Amino acid sequence: MSHKVYFGHELTAQRSTFSSTEKKDYIKAVQCLAKLPPKTSKDVCPGCRNRYDDFVATHIQQSFNIHVTGNFLTWHRYFTWAYEQTLRNECGYKGNQPYYSYSRWYKDPTKSPLLDGSDTSVSGQGAEGCTNQTFTGIPLNTDPRIKIPKGPGGGCVTSGPFKDWQVNVGPLFPGSECAPLNPNQDFTKPGYGLGYNPRCLTRDITSFSGEGWLKDDDIVSLLKSSTYQSFWETLQGGPPATSFANNFMGVHTAGHFIIGGDPGGDFTASPGDPYFFFHHASIDRIYWIWQNLKPSERTKALYGGTTISDLSVPATLQDKLGMGAAFGPQITIEDASSTMGGAPFCYTYI
Ligand code: CU
Ligand code: CU
């Protein structure tokens, strides 16, 4: 075992199909996390009320340095893994983070076991809400290059395990125009998006993004990307990256807008909806498949800058990935490039 192994070294396999008992154990662990005290200090995150909020806060804080950047895939791999580890280490969860199979449910995500609103789901559709809004804009409502028509939801989720879920921080760029904005919207000051803003979980689940970008063919054509640059661009809504030109949303953005709403439709606060981790486990799996089609040339492939949509300072394999107060220690992009490298990861997908 090398000195680089700082975490548990058990080989685990991530899956999408869970028994009812496994689903309930997972849900119980997420709810447990929301009852533990936060580790982020009050000065850094005045709105953080629990351990789950630590994860939302670190994502908000780093939003402009982890999206449309070279570390996008490795940072989110580490984030999703750190969340799974925290469910295990602090809430007694024994299983793995499941992923969501987009293409299986693209016609109607509310039919999926994940979003059907049952007591083994992460809750489902929101009540009818925000009826003045006719569309959600991608990338932003104020800059709608793609318009997702309003669906039947938009209000608070009303059934399932997360009907009483309290979202505490964000939003900054909510998909829902009815969401109360965070009291700290000032980007020139640290702590933006981290003021206390308690509210319910809202969703507007529609088939729009699934029909457009999450069918089997869409995933397969993404996986056919021959270079890391084209994979990275196509996944995130390019090329050119994230311009969302030609009405192209890409698998990553489409996966977020299956649910929309608040905080799901905000690229900064989106982890505030527990659906987030099923989506990002799936993104990680797609990255893993793409890497393993040609592991020797693709595992450490890298492209992109260090600030959102800005290629001027290229990312390097030595760049650090940090989880703030949510999880430690910092690792490098290189450490996170392999799920089997043992530093720190040791998992595969089935
Ligand atoms: Cu993110
Ligand atoms: Cu994302």
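For clarity, every value in this text was computed on a predicted model and none was experimentally measured.
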### Query
Can you name the nearest heavy-atom pair linking L302 to G70, along with the distance?
CD1-O, 3.3 Å
### Single-linkage hydrophobic cluster, 4.5 Å side-chain cutoff, I333 and I308 together
yes
### side chain to side chain donor-acceptor pair (under 3.5 Å): pairs with one or both residues in residues 310-324, sequence neighbours excluded
D310-S312, T316-D319, Q318-E334
### Task
Report yes if some heavy atom in the side chain of I258 is under 4.5 Å from a heavy atom in the side chain of L214; otherwise report no.
yes
### Message
Going by side chain to side chain contact (heavy atoms under 4.5 Å, CB included), name the residues that satisfy it together with Q229, two or more places apart in sequence or in a different chain.
### Response
T227, E233, Y303
### Task
Could you pull out all residues at least two apart from P144 that satisfy side chain to side chain contact (heavy atoms under 4.5 Å, CB included)?
F135, K147
### Same apolar cluster (I L V M F W Y, side chains within < 4.5 Å links), L194/Y192
yes
### Query
Quick check: does any side chain N or O of R145 sit under 3.5 Å from a backbone N or O of G137, one acting as donor and the other as acceptor?
no
### Task
Report yes if the side chains of R199 and P171 come closer than 4.5 Å at any heavy-atom pair, otherwise no.
yes
### Task
Spell out, as yes or no, whether a donor-acceptor pair under 3.5 Å connects the side chain of T58 to the backbone of F55.
no
### Query
Is a side-chain donor-acceptor pair under 3.5 Å present for H59 with H67?
yes
### Message
Run H256 and F276 through ring pair (Phe, Tyr, Trp, His ring centres under 6.0 Å) and show every step you take.
### Response
CA-CA 7 Å; H256 279 289; F276 176 96; 5.7 Å; yes
### Task
Step by step, work out the side chain to side chain contact (heavy atoms under 4.5 Å, CB included) result for N168 and N50.
CA-CA 9 Å; N168 292 321; N50 63 57; 3.6 Å; yes
### Task
Could you walk me through whether Y102 and H279 pass ring pair (Phe, Tyr, Trp, His ring centres under 6.0 Å), step by step?
CA-CA 8 Å; Y102 312 112; H279 167 40; 5.7 Å; yes
### Message
Would you say NZ of K28 has more than 12 non-hydrogen atoms from neighbouring residues, nucleotides or ligands within 6.0 angstrom?
### Response
no
### Query
Taking the side chain from S159 and the backbone from G117, do they hold a donor-acceptor pair closer than 3.5 Å?
yes
#### Entry: Stepwise ring pair (Phe, Tyr, Trp, His ring centres under 6.0 Å) check, F345 with W81
CA-CA 8 Å; F345 313 130; W81 183 87; 5.2 Å; yes
### Query
Can you list every salt bridge (Lys or Arg N to Asp or Glu O under 4.0 Å) pair that touches residues 50-62, not counting sequence neighbours?
R51-D54, R51-E90
### Query
Is the NZ or CZ atom of R298 positioned over Y228's six-membered ring, under 6.0 angstrom from the centre and within 45° of the axis?
no
### Query
Can you tell me if CD on E297 sees more than 12 non-hydrogen neighbours from other groups inside 6.0 Å?
yes
#### Entry: T131 side chain near E128 side chain, heavy-atom distance below 4.5 Å
yes
### Task
Show your working on side chain to side chain contact (heavy atoms under 4.5 Å, CB included) between S121 and I27 and close with a plain yes or no.
CA-CA 8 Å; S121 71; I27 291 161; over 6 Å; no
### Query
With S123, which of I259, V157, L115 fulfils side-chain contact (heavy atoms from CB on, under 4.5 Å)?
V157
### Summary
For residues 19-41, the ring-ring contact (aromatic ring centres under 6.0 Å, His included) pairs (sequence neighbours left out) are Y26-Y93, Y26-F278
### Message
Could you walk me through whether D273 and R203 satisfy the salt bridge (charged side-chain N to carboxylate O under 4.0 Å, His left out) test, starting with their C-alpha distance in whole Å, then the side-chain angles of each, then the deciding distance to 0.1 Å, before giving a yes or no?
### Response
CA-CA 9 Å; D273 187 319; R203 290 191 187 136; 2.8 Å; yes
### Task
Report yes or no: does Q125 contribute a side-chain atom to a donor-acceptor pair with the main-chain N or O of I205 at less than 3.5 Å?
yes
### Query
Is there a donor-acceptor pair under 3.5 Å between the side chain of Q236 and the backbone N or O of V68?
yes
### Query
Where the side chain of Q133 meets the backbone of E177, is there a donor-acceptor pair that is under 3.5 Å apart?
yes
### Task
Could you tell me whether K111 and D116 have a side-chain N and a carboxylate O separated by less than 4.0 Å?
no
### Task
Show your reasoning for whether ring pair (Phe, Tyr, Trp, His ring centres under 6.0 Å) applies to Y349 and Y347.
CA-CA 7 Å; Y349 286 96; Y347 67 86; 5.7 Å; yes
### Message
Donor-acceptor pair, distance only, cut-off 3.5 Å: does the side chain of D284 make one with the backbone of H280?
### Response
no
### Message
Do Y99 and F277 make a side-chain contact, defined as non-hydrogen atoms from C-beta onward lying under 4.5 Å apart?
### Response
no
### Flag side-chain contact, heavy atom, 4.5 Å: F162 against V30
yes
### Query
If you measure only the distance, is there a donor-acceptor pair under 3.5 Å linking the side chains of S103 and D216?
yes
### Query
Is N184 reaching over with its side chain to a backbone N or O of G195, donor-acceptor style, under 3.5 angstrom?
no
### Query
Under the 3.5 angstrom rule, does the side chain of W75 hit a backbone N or O of T69 as a donor-acceptor pair?
no
#### Entry: Student check: side-chain heavy atoms of Q97 and T80 closer than 4.5 Å
yes
### Query
So if you build clusters from Ile, Leu, Val, Met, Phe, Trp, Tyr with side-chain heavy-atom gaps below 4.5 Å, do Y106 and V122 land together?
no
### Message
Tell me if a side-chain donor or acceptor on S282 pairs with a main-chain N or O of Y100 at a distance below 3.5 Å.
### Response
yes
### Task
Could you check L222 against D218 for side chain to side chain contact (heavy atoms under 4.5 Å, CB included), going step by step and ending with a plain yes or no?
CA-CA 6 Å; L222 171 63; D218 300 309; over 6 Å; no
### Query
Do Q31 and P161 touch side chain to side chain, with heavy atoms closer than 4.5 Å?
yes
#### Entry: Test item: side-chain donor near acceptor, Y78 and D335, under 3.5 Å
no
### Task
Start with the C-alpha gap between N197 and V169, add the side-chain angles, then the distance that decides, and say whether side chain to side chain contact (heavy atoms under 4.5 Å, CB included) holds.
CA-CA 6 Å; N197 190 23; V169 291; over 6 Å; no
### Task
Please name all residues satisfying ring-ring contact (aromatic ring centres under 6.0 Å, His included) with F173, sequence neighbours left out, ordered by chain then number.
F187, F267
